[in-house]
Amino acid sequence: MNATDLYAHLRQTVLTALAQIIPDLPADIAARVEVTPTRDPAHGDMATNAAMVSAKAARQPPAKIAAALVQHLAAAPEIAAAETAGPGFVNLRLHPQTFRALLPIILANGEAYGDATAGTGTGTKINLEYVSANPTGPMHIGHCRGAVVGDALANLLTKAGYTVTKEYYINDAGAQVVALAWAAYWRYLQAIGTPLTEEEFAAEVPGGLQYKGDYLIPVGEMLKATHGTALATEAKGIAAPETWLDTVKDTTIAAMMTEVREDLRLLGVQQDIFTSERALVASGAADTVIAKLQADGLIYEGVLEPPKGKTPDDWEPRPQTLFRSTNFGDDVDRPLRKSDGSNTYFANDIAYHADKIGRGYNELIDVLGADHGGYVPRMKAAVKALSHDAVKFDAVLCQIVHILKGGVPLKMSKRAGSYVTLRDLLEEVGKDAVRFTMLTRKADAQMEFDLDQVLATTRENPVFYVQYAHARCRSVLRAAAEMFPGAALTDADLSTTNVDTLDGEPELTLIRRLALWPRTVESAASAREPHRIAFFLYDLAADFHMLWNRGKDDATLRFLQADQPAATRARLALVAATAVVIRSGLAVMGVTPVEEMR
RNA sequence: GCGCCCUUAGCUCAGUUGGAUAGAGCAACAGCCUUCUAAGCUGUGGGUCGGUGGUUCGAAUCCACCAGGGCGCGCCA
């Protein structure tokens with residue numbers, strides 16, 4: 001037995017036995033057979049629903065199938081006892097040796113333990129788009145959650161065997177970057193000493209002066225350094241926009257993206273591809289896509305009904321170019337062109353997703369803010385239409401994060417420039433705590449990020465609790481090196497250890513938890529829920545701390561016993577394997593494991 | 001008015017894709033420090049899983065309706 005996933009292994013054993021009882025069992029029924037950990041240890045180690053799910057197809061009562069399964073399974077070498085239970089479960093009790101045999105495998109595999117070998121992910125190419133913050137200013141706390149969730153999801157899917165491309169879509173087209181350019185231009189005029197006041201300048205800006213934060217001051221300085229006073233009138237006033245707008249836009253977007261990339265780097269996020277909306281628009285991709293949809297008969301000119309119950313005051317019916325998204329499950333058809341004929345953001349975004357489809361992915365996943373929730377059905381419809389249902393589109397929605405300090409919510413105001421930037425947050429609590437904490441909630445649930453709790457050194461704080469467990473593991477191994485000078489104690493060395501002496505219940509509880517790791521990776525990946533990794537690590541840490549603490553009451557239960565080198569070595573293998581799995585999990589979360597608590 | 005997401009212990013949240021007697025942490029109460037780190041551990045109490053029906057061997061989980069909370073709803077991105 002050298003399977004890395006004990007549950008998958010036993011599932012095969014059950015399926016083999018089941019095939020002997022019901023030779024012509026349909027494949028779709030077999031697919032529903034599960035081997036799961038039992039909730040109650042009294043029920044054994046694992047349970048299978050095999051008899052219940054196959055009863056109907058086999059036209060036999062579950063109890064009869066279960067009884068036959070018990071007969072067949074009793075012969076399996078891993079299984080100590082099999083018995084029927086409840087409505088048709090078969091409970092399995094494994095030999096402790098079966099669990100213990102996992103430790104050498106974990107140590108030999110290292111952090112690759114839990115990687116899919118032949119799971120659902122194999123061969124599937126996924127494009128994962130996340131962050132995609134507008135390049136109009138520094139990243140703030142709102143972007144942070146999507147960045148962390150997206151990045152951890154990428155790691156998770158990769159571990160589960162998918163081939164993942166991590167992508168950032170730069171929204172550098174449209175009205176907001178024009179507003180950004182005007183704001184940067186104001187900083188430029190200030191830099192060269194304009195006589196204009198802010199009010200006088202703002203009065204000349206189409207749509208008013210937005211983006212008033214200080215972060216554009218360096219951009220103004222940069223423009224001055226490069227262009228001198230050439231972008232302004234001789235009186236250092238506002239020149240005709242066509243003489244400077246593109247230049248200022250280019251410089252500003254480039255400067256903002258430099259900042260964004262630095263923010264991402266500090267957060268530990270590395271994306272593979274940055275795609276520019278502006279370049280996409282310039283290439284005419286949106287018109288190409290509209291033409292393609294037109295050829296499929298999915299485009300028409302029409303007038304949308306006003307939204308029911310809440311008609312805007314300035315509503316008037318206007319004909320637009322519409323996409324028949326209702327053919328693909330959307331509620332209303334969606335406009336691709338505005339009434340003036342220019343393309344909508346949606347048209348550009350369809351073009352972008354068409355581009356991704358063209359790059360050969362089997363699945364597209366967007367990590368979005370929850371305020372984009374209403375946007376998902378139409379994108380789903382568009383991807384379905386464009387790929388003729390060959391490519392899947394999914395969205396992971398991230399709910400809002402409230403920052404608490406001293407139990408009081410921090411006020412956020414972008415207009416006043418007083419919002420919490422990502423960089424502030426990283427300086428305050430550090431990358432690892434930010435990443436871990438962001439993953440301690442389901443993405444689609446609101447979360448409160450308590451600055452005090454994140455830094456707390458108590459069990460309440462999962463970051464600390466998990467890191468502490470790893471540090472304790474490493475501490476034991478360091479102490480072992482002192483107690484047994486010259487002993488070979490690397491993971492590879494320990495992987496050959498005889499671990500038969502590990503027969504205490506707390507030890508076996510911990511090993512059972514380690515056995516769940518591949519299964520946890522698989523289920524978290526297929527549910528696209530990276531937060532499950534955080535909860536798994538918390539539970540694992542709790543099991544380990546419990547084992548550690550037994551040594552308080554009874555010194556003979558401590559890991560290190562100078563007079564029992566063989567038994568100590570077996571315990572060290574368990575400790576090292578625990579550390580391996582914690583590291584493996586932290587790697588998915590993008591958190592650096594610590595060697596000691598300081 | 002419509003759509004999507006929520007509602008689980010006093011509080012903050014899990015719940016292994018439909019499994020057996022629903023679990024953690026905090027808070028409350030009761031214990032444990034000449035230690036490989038007590039930055040912790042052990043135990044006790046605490047639940048009509050928002051409500052009502054339905055689907056089936058079996059529902060916190062799926063479906064319908066209702067109640068409460070959040071987000072969104074043509075030419076913003």
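First the proteins, then the strands, lettered A, B, ... as listed; each starts at 1. Since the model is a prediction, treat every value here as computed from it, not as a measurement.
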Distance check, [atom1] atoms only: [N] and [M], in whole angstrom units.
{"N": "B/C63", "M": "B/G25", "atom1": "P", "result": "32 Å"}
{"N": "B/G18", "M": "B/C62", "atom1": "C1'", "result": "8 Å"}
{"N": "B/U16", "M": "B/U52", "atom1": "P", "result": "23 Å"}
{"N": "B/U61", "M": "B/G54", "atom1": "C1'", "result": "15 Å"}
{"N": "B/C5", "M": "B/G40", "atom1": "C1'", "result": "38 Å"}
{"N": "B/U48", "M": "B/U8", "atom1": "P", "result": "12 Å"}
{"N": "B/G47", "M": "B/A24", "atom1": "C1'", "result": "15 Å"}
{"N": "B/A67", "M": "B/A28", "atom1": "C1'", "result": "32 Å"}

Please classify the nucleic acid contact of [X] as base, sugar-phosphate, or nothing, using heavy-atom distances under 4.0 Å.
{"X": "A/P87", "value": "base"}
{"X": "A/A55", "value": "nothing"}
{"X": "A/A85", "value": "base"}
{"X": "A/F464", "value": "base"}
{"X": "A/P61", "value": "nothing"}
{"X": "A/N91", "value": "base"}

Open item on the list: Go nucleotide by nucleotide along RNA chain B from the 5' end; which of A/M52 and A/R378 gets its closest nucleotide reached first?
Closed with: A/M52
Open item on the list: Pick the closest RNA chain B nucleotide for A/Q320 and for A/E277 by heavy atoms, then say which residue is nearer the 5' end.
Closed with: A/Q320
Figure out the [atom1]/[atom2] separation between [X] and [N], and round it to whole Å.
{"X": "A/D331", "N": "B/G74", "atom1": "CG", "atom2": "P", "value": "13 Å"}
{"X": "A/Q210", "N": "B/C76", "atom1": "CD", "atom2": "P", "value": "13 Å"}
{"X": "A/I290", "N": "B/C75", "atom1": "CD1", "atom2": "C1'", "value": "13 Å"}
{"X": "A/D333", "N": "B/C2", "atom1": "CG", "atom2": "P", "value": "20 Å"}
{"X": "A/D330", "N": "B/G72", "atom1": "CG", "atom2": "C1'", "value": "13 Å"}
{"X": "A/Y345", "N": "B/A77", "atom1": "OH", "atom2": "C1'", "value": "6 Å"}
{"X": "A/Q60", "N": "B/C57", "atom1": "CD", "atom2": "C1'", "value": "16 Å"}
{"X": "A/R32", "N": "B/G19", "atom1": "CZ", "atom2": "C1'", "value": "12 Å"}

Task: A/P462 vs A/Y538 side-chain heavy atoms within contact, under 4.5 Å - done: yes
Just to verify, what does [X] make a salt bridge (charged side-chain N to carboxylate O under 4.0 Å, His left out) with, not counting sequence neighbours?
{"X": "A/E129", "result": "A/K356"}
{"X": "A/R550", "result": "A/E507"}
{"X": "A/E529", "result": "A/R532"}

TODO: With rounding to the nearest 0.5 Å, note down the distance linking CD in A/E448 to CD in A/Q453.
DONE: 10.0 Å
Open item on the list: Rounded to the nearest 0.5 Å, what separates atom OG1 in A/T520 from atom CG in A/L514?
Closed with: 10.5 Å
- [ ] Consider the side chain of A/A47, meaning its heavy atoms from C-beta on, and name the nucleotide among B/G72, B/A20, B/G74 that approaches it most closely.
- [x] B/A20
Open item on the list: Measuring from the side chain of A/H545 (C-beta onward, heavy atoms only), which nucleotide among B/C41, B/G19, B/A39 has the closest atom?
Closed with: B/C41
- [ ] Please collect all salt bridge (charged side-chain N to carboxylate O under 4.0 Å, His left out) contacts where either partner lies in residues 536-546 of chain A, sequence neighbours excluded, each pair once.
- [x] A/R513-A/D539, A/R513-A/D543
- [ ] Sugar-phosphate means primed atoms, P, OP1 and OP2; the rest is base. With that split, encode nucleotides 4-16 of chain B 5' to 3' as B, S or - using protein heavy atoms under 4.0 Å.
- [x] -SS-----SSSSB
- [ ] Would you give a per-nucleotide map of nucleotides 24-37 of chain B, 5' to 3', where B means the base has a protein non-hydrogen atom under 4.0 Å away, S means only the sugar-phosphate does, and - means neither?
- [x] SSS--------SBB
- [ ] With pairs defined as Watson-Crick or G-U wobble and both distances under 3.5 angstrom, please note down RNA chain B as a dot-bracket string, | for pairing with another strand.
- [x] (((((((..((((.....[...)))).(((((.......))))).....(((((..]....))))))))))))....
For [X], what residues pass the side-chain hydrogen bond (donor to acceptor under 3.5 Å, both in side chains) criterion, not counting sequence neighbours?
{"X": "A/E482", "answer": "none"}
{"X": "A/Y375", "answer": "A/D349"}
{"X": "A/R145", "answer": "none"}

For [X] and [Y], which I'm curious about, is there any donor-acceptor pair between the side chains at under 3.5 Å?
{"X": "A/E522", "Y": "A/Y7", "result": "no"}
{"X": "A/E301", "Y": "A/T321", "result": "yes"}
{"X": "A/H353", "Y": "A/D366", "result": "yes"}
{"X": "A/T124", "Y": "A/E363", "result": "no"}

Task: All side-chain contact (heavy atoms from CB on, under 4.5 Å) counterparts of A/A152, not counting sequence neighbours - done: A/L439, A/P530
Task: Stacked cation flag A/R334 on A/F328, 6.0 angstrom / 45 deg - done: no
Task: Face-to-face stacking of A/H43 with B/A20, centres under 5.5 angstrom, angle under 30° - done: yes
- [ ] Assign B/U17 to syn or anti; the rule is syn for a glycosidic angle within 90° of 0 and anti otherwise.
- [x] syn
Task: Syn or anti for B/C57 (syn when the glycosidic angle lies within 90° of 0) - done: anti
Open item on the list: Surrounding NZ of A/K249 (heavy atoms of other residues, nucleotides or ligands, distance under 6.0 Å), is the total greater than 12?
Closed with: yes
- [ ] Name every residue in residues 570-579 of chain A that has at least one heavy atom under 4.0 Å from any atom of RNA chain B, in order of residue number, or write none if there are no such residues.
- [x] none
